There are 2 protein chains.
Amino acid sequence: MVNNESQQLTLIFSALSDPTRRAMLKRLSEKEVSFAELSEPFAMTKSAITKHLKVLENSGLMRRTIDGRTHYCRLNPAPLEKAAEWVTFYQKFWQKKLDGLDAFLNESTHKSSE
Amino acid sequence: MVNNESQQLTLIFSALSDPTRRAMLKRLSEKEVSFAELSEPFAMTKSAITKHLKVLENSGLMRRTIDGRTHYCRLNPAPLEKAAEWVTFYQKFWQKKLDGLDAFLNESTHKSSE
DNA sequence: TTTATAGTACACCATATGGTAAACAATGAA
DNA sequence: TTCATTGTTTACCATATGGTGTACTATAAA
């Protein structure tokens, strides 16, 4: 089904598909940092950083607070939960099948809608 | 760090970032299917299906067995585990911080390398 | 007020992505 | 052997993506 949840998964997985953005999320998991601090480890222009931040923000994984001319970025882990749900569902589902517990299919409501 | 594991995460998350491929994985989680069966629900050409399958195969999420002219596709859930690890690490990490258990940082070895 | 700093916007570029159409290869069936 | 079927390859297209450089806005500091 192509619904909002699917679109959200697309945004989240797309955001996670870039190593720079994954590294940014790592830093954000440690503490809230400014644009300048966040961009420091990356050998790219401010424009490129701005773009990555937009992708992260658009996926919901990052939130921003502006104080004067400083933009503070922080992780918003909620969307990660959606991604985790999706991934672990298929992972566990398949594992059960490998274990020969095909009844799992009927027992568990098929939560994931796509 | 831009290592093999990072590249693998990039391939996995990229593969998962497309709704058609997620739908394909859903079908594959239920049973092994042929190319024709797998492509049946999708309104696109065989060429497009071929491309999607290549992406899935390249990420390691799908395996193929050829029998005559029929290609049988099946889910390989192992890479999903890597993705799940990555996602749940940051998710749980952050949750602990929200719970005020900052000691989590020092207690747990920081498994994820990027 | 002038100057420096933090970050954005815009135009541009090369490559990747998701799709098509048409031709092809390989196998199976008549 | 001829024909149908399964899937791939290739060329092509439009748009997205990840990067650059330059100009800009907004705030802070001299």
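Just the heavy atoms: all of them, side chains too, but no hydrogens, waters or symmetry mates, feed the values below. Lettering of chains follows the sequences in order, A, B, ..., and the numbering in each one begins at 1. Keep in mind the model is a prediction, meaning the values are calculated, not measured.
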Colleague: If I take atom CG in residue B:Leu16 and atom P in nucleotide C:dT17, what distance separates them, rounded to the nearest angstrom?
Modeller: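 Between P of C:dT17 and CG of B:Leu16: 14 Å.
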
Colleague: Reckon A:Thr70 touches a base, only the sugar-phosphate, or nothing at all at heavy-atom distances under 4.0 Å?
Modeller: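 Sugar-phosphate contact only.
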
Colleague: Check this one for me: any side-chain N or O of B:His52 less than 4.0 Å away from OP1 or OP2 of C:dT17?
Modeller: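 For C:dT17, OP1/OP2 do not have a side-chain N/O of B:His52 under 4.0 Å.
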
Colleague: Rounded off to whole Å, could you give me the CZ-to-C1' distance for the B:Arg21 and C:dT17 pair?
Modeller: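 Distance, rounded to whole Å: 8 Å.
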
Colleague: Roughly how many Å is it from CZ in A:Phe35 to C1' in D:dA26, rounded to a whole number?
Modeller: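 Interatomic distance, CZ of A:Phe35 to C1' of D:dA26: 14 Å.
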
Colleague: Starting at the 5' end of DNA chain D and moving along, which residue's nearest nucleotide shows up first, A:Lys46 or A:Ser14?
Modeller: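 Result: A:Ser14.
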
Colleague: So if I take residues 53-69 of chain B and measure heavy-atom distances to DNA chain C, which residues fall below 4.0 Å?
Modeller: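 Within this stretch, B:Gly68, B:Arg69 sit under 4.0 Å of the strand.
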
Colleague: How many angstroms lie between atom CE of B:Met62 and atom CD of B:Glu32, to the nearest 0.5 angstrom?
Modeller: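 Here the rounded value is 10.5 Å.
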
Colleague: Within this structure, what is the CE-to-P distance between A:Met44 and D:dT20, rounded to whole angstrom?
Modeller: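 To the nearest whole Å, that distance equals 7 Å.
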
Colleague: Rounded to whole angstroms, how far apart are NZ on B:Lys51 and C1' on D:dT15?
Modeller: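 Rounded to the whole Å, the gap is 13 Å.
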
Colleague: Between B:His71 (NE2) and C:dA25 (P), how many Å, whole number?
Modeller: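 These atoms are roughly 15 Å apart.
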
Colleague: Nearest whole angstrom, please: distance from the P of D:dG18 to the CG of A:Asp18.
Modeller: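 For the pair A:Asp18 CG and D:dG18 P, the rounded distance is 5 Å.
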
Colleague: Calculate the interatomic distance between B:Glu37 atom CD and D:dG7 atom C1'; express it in whole Å.
Modeller: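 So the two atoms are 14 Å apart, to the nearest Å.
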
Colleague: Hey, could you give me the CD/CD1 distance between A:Glu5 and A:Ile12, rounded to the nearest 0.5 Å?
Modeller: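 Taking CD in A:Glu5 and CD1 in A:Ile12, the distance rounds to 8.5 Å.
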
Colleague: Which part of the nucleic acid, if any, lies within contact of A:Ala36, taking any heavy atom under 4.0 Å across all strands shown: a base, the sugar-phosphate backbone alone, or nothing?
Modeller: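 Sugar-phosphate, no base atom in range.
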
Colleague: How many angstroms lie between CG in B:Leu9 and CD in B:Gln7, if you round to the nearest 0.5 Å?
Modeller: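 Between B:Leu9 CG and B:Gln7 CD, I get 10.5 Å after rounding to 0.5 Å.
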
Colleague: Compare the minimum distances between each of D:dG7, C:dG19, C:dA9 and the side chain of A:Ser47, then state the nucleotide with the smallest one.
Modeller: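 So the side chain of A:Ser47 is nearest to C:dA9.
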
Colleague: Looking at A:Thr50, does any N or O in its side chain come under 4.0 Å of the phosphate oxygens OP1/OP2 on C:dT8?
Modeller: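 Checking A:Thr50 against C:dT8: at least one side-chain N or O falls below 4.0 Å of OP1 or OP2.
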
Colleague: If hydrophobic clusters are built from ILVMFWY residues whose side chains come within less than 4.5 Å, do B:Tyr90 and A:Leu38 share one?
Modeller: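 Same cluster: B:Tyr90 reaches A:Leu38 through Ile, Leu, Val, Met, Phe, Trp or Tyr contacts under 4.5 Å.
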
Colleague: Nearest 0.5 Å, please: how far is CG in A:Leu25 from OG in A:Ser59?
Modeller: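 One gets 7.5 Å once the value is rounded to the nearest 0.5 Å.
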
Colleague: Look up atom CD1 in A:Ile66 and atom OG in A:Ser34, then write down how far apart they are to the nearest 0.5 Å.
Modeller: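 Answer for the CD1-OG pair, A:Ile66 versus A:Ser34, is 12.5 Å.
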
Colleague: Fit a plane to each ring of A:Phe13 and B:Phe13, take the angle between them on a 0 to 90° scale, and name the class: parallel (under 30°), tilted (30 to 60°) or perpendicular (over 60°).
Modeller: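 If you compare the ring of A:Phe13 with that of B:Phe13, the planes turn out parallel.
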
